[in-house]
Amino acid sequence: MTVTVERPQLEIQEHDKKMMIQEETTELVLDGGFVTPNSNAFGHTFRDYDVESERKDSVEEFYKQSHIHQTFDFVKRMREEYGKLNRVEMSIWECCELLNEFVDESDPDLDEPQIEHLLQTAEAIRKDYPDEDWLHLTGLIHDLGKVLLHPSFGALPQWAVVGDTQPVGCGFDESIVHHKYFKENPDYYNATYNTKFGIYSEGCGLNNVMMSWGHDDYMYLVAKENKTTLPSAALFIIRYHSFYPLHRAGAYMHLMNEEDKENLKWLHVFNKYDLYSKSKVRIDVEKVKPYYLSLIEKYFPSKLKW
Ligand SMILES: O[C@H]1[C@H](O)[C@@H](O)[C@H](O)[C@@H](O)[C@H]1O
Ligand SMILES: [Fe+2]
Ligand SMILES: [Fe+2]
């Protein structure tokens, strides 16, 4: 398996050298030294949705439900409803703690509580990019939108919160995991939606594209409406990190504008840590907490509307 990542705005010669070496070795050494493992916590390659494993059937059932129910109308309703941000007031850290009880049913690679995943991602980035504090914080918060699973957010079903995302309002690309279940989605037969562009146009910009509803778009809304000072690349990462059809398979590129293309470079960097830092190695929460609290204070108000 070869993973190609572009490290934006930085000298890439060193990186290129490593990429050449990695072809010869079994483990992939990338960027500042993060070693991407060959197999996940269950001993399989990452994001293999077909391999027989203890999570295979439940993950497939998850995508079946998701693909049936994520329609254009559903997404529109959810964006309007949850965009009000009138449910809870809490800090970023309080939200991290709320996630402790949830396990993501869409994930073939991880069955740990979500707070572990947040810290594993953030800490892995921090090692390789010590100066990009905004990217550390992005790692910590990128999945906070999964609080939609919590009773105080209406306890949404997993299919309305997690899993990969894709645009609605245009055709479903073949690269989407378990694509066949879209045949049970009414939009699949809607002539306005089921073409390459659907209701969109060439280069219209992802900001104008409605994405299937879940933790990405929700957390983007929370961060933006609460006036975070994080850079636009951070908001882009939060909003599209589950858009694997785009950032992994290269689908839907025709909808991107120039700004999206710039931001996509950082999403590629981020994705490696999001995906490959998933492991059974625990992080000492109390030890790293002061550092992350200082970042939260730098980039967010003390209480946010959710
Ligand atoms: O199963 C995972 C998980 O839900 C992640 O949080 C999401 O970002 C991924 O796209 C998805 O495949
Ligand atoms: Fe996620
Ligand atoms: Fe994640």
Side-chain angles (χ1 to χ4, degrees), residues 34 36 40-42 44-51 53-67 70 95-96 98-100 102-126 135-149 156-167 173 175-179 181 211-223 234-249 251-252 264 266-279 283:
F34 177 70
T36 54
N40 65 19
F42 306 100
H44 304 297
T45 46
F46 284 83
R47 289 180 59 83
D48 188 336
Y49 292 87
D50 299 317
V51 74
S53 85
E54 52 190 276
R55 281 176 87 73
K56 178 178 180 281
D57 293 347
S58 56
V59 170
E60 180 159 353
E61 179 57 28
F62 163 88
Y63 274 106
K64 180 176 179 190
Q65 295 308 319
S66 179
H67 292 351
Q70 291 274 1
C95 187
C96 293
L98 265 193
L99 281 190
N100 218 353
F102 298 115
V103 171
D104 182 331
E105 291 174 11
S106 73
D107 199 333
D109 302 316
L110 186 74
D111 61 358
E112 296 291 328
Q114 284 297 306
I115 191 164
E116 292 294 326
H117 167 59
L118 295 178
L119 288 169
Q120 284 172 348
T121 309
E123 285 289 285
I125 295 172
R126 188 178 166 195
L135 198 56
H136 313 165
L137 184 58
T138 305
L140 181 78
I141 68 172
H142 75 282
D143 274 340
L144 288 188
K146 292 180 185 175
V147 277
L148 292 173
L149 296 167
L156 290 184
Q158 291 255 346
W159 61 259
V161 181
V162 298
D164 291 359
T165 58
Q166 67 278 332
D173 190 80
S175 65
I176 299 169
V177 171
H178 294 307
H179 178 274
Y181 295 116
M211 299 293 295
S212 53
W213 178 251
H215 65 286
D216 303 56
D217 207 24
Y218 177 61
M219 191 56 206
Y220 162 75
L221 290 172
V222 169
L235 291 172
F236 187 90
I237 289 170
I238 293 167
R239 196 175 193 185
Y240 301 112
H241 73 269
S242 302
F243 193 3
Y244 276 82
L246 176 91
H247 66 72
R248 268 289 168 116
Y252 299 106
L264 183 62
W266 278 112
L267 178 52
H268 281 146
V269 170
F270 174 85
N271 177 247
K272 188 182 62 193
Y273 300 91
D274 184 18
L275 182 56
Y276 295 108
S277 69
K278 292 173 183 174
S279 77
I283 304 271

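For ligands, and for the atoms within them, numbers begin at 1 and follow the listed sequence.
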So if I apply the side-chain hydrogen bond (donor to acceptor under 3.5 Å, both in side chains) rule between His241 and each of Thr121, Asp143, Thr165, which one comes out positive?
Asp143
Using the ring of each side chain (for Trp, its six-membered ring), is Phe46 parallel, tilted or perpendicular to Tyr276, with breaks at 30° and 60°?
perpendicular
Close N/O pairs between ligand 1 and protein, under 3.5 Å:
unit_1	atom_1	unit_2	atom_2	d
ligand 1	1 (O)	Ser106	O	3.4
ligand 1	1 (O)	Ser106	OG	2.5
ligand 1	4 (O)	Asp104	OD2	2.5
ligand 1	4 (O)	Ser106	OG	3.0
ligand 1	4 (O)	Gly163	N	3.1
ligand 1	6 (O)	Asp143	OD1	3.3
ligand 1	6 (O)	Lys146	NZ	2.8
ligand 1	6 (O)	His215	NE2	3.2
ligand 1	8 (O)	His241	NE2	3.2
ligand 1	8 (O)	Ser242	OG	2.5
ligand 1	10 (O)	Asp164	OD1	2.8
ligand 1	10 (O)	Ser242	OG	3.2
ligand 1	12 (O)	Arg47	NH1	3.4
ligand 1	12 (O)	Asp164	OD1	2.5

For the Fe ion (ligand 2), how many protein N, O or S atoms come closer than 2.8 Å?
3
Please determine which of Leu267, Leu144, Ile141 meets the side chain to side chain contact (heavy atoms under 4.5 Å, CB included) test together with Ile238.
Ile141
Least distance between heavy atoms, Tyr218 atom then Val147 atom:
CE2-CG2, 4.3 Å
Sorted by chain and residue number, the side-chain hydrogen bond (donor to acceptor under 3.5 Å, both in side chains) partners of His67 (sequence neighbours excluded) come out as none
Side chain to side chain contact (heavy atoms under 4.5 Å, CB included) filter on Asp50, not counting sequence neighbours, yields Asp48, His178
Partner of Lys146 by side chain to side chain contact (heavy atoms under 4.5 Å, CB included), out of Val162, Leu118, Leu156:
Val162
Pair Asp109 + Arg47, salt bridge at N-O below 4.0 Å
no
Does the plane of the ring in Tyr49 sit parallel, tilted or perpendicular to the ring in Tyr63? Use 30° and 60° as the thresholds.
perpendicular
Have a look at His117 and say which of its N, O or S atoms is nearest the Fe ion (ligand 3).
NE2
Lys/Arg N to Asp/Glu carboxylate O, Asp107 vs Arg55, below 4.0 Å
no
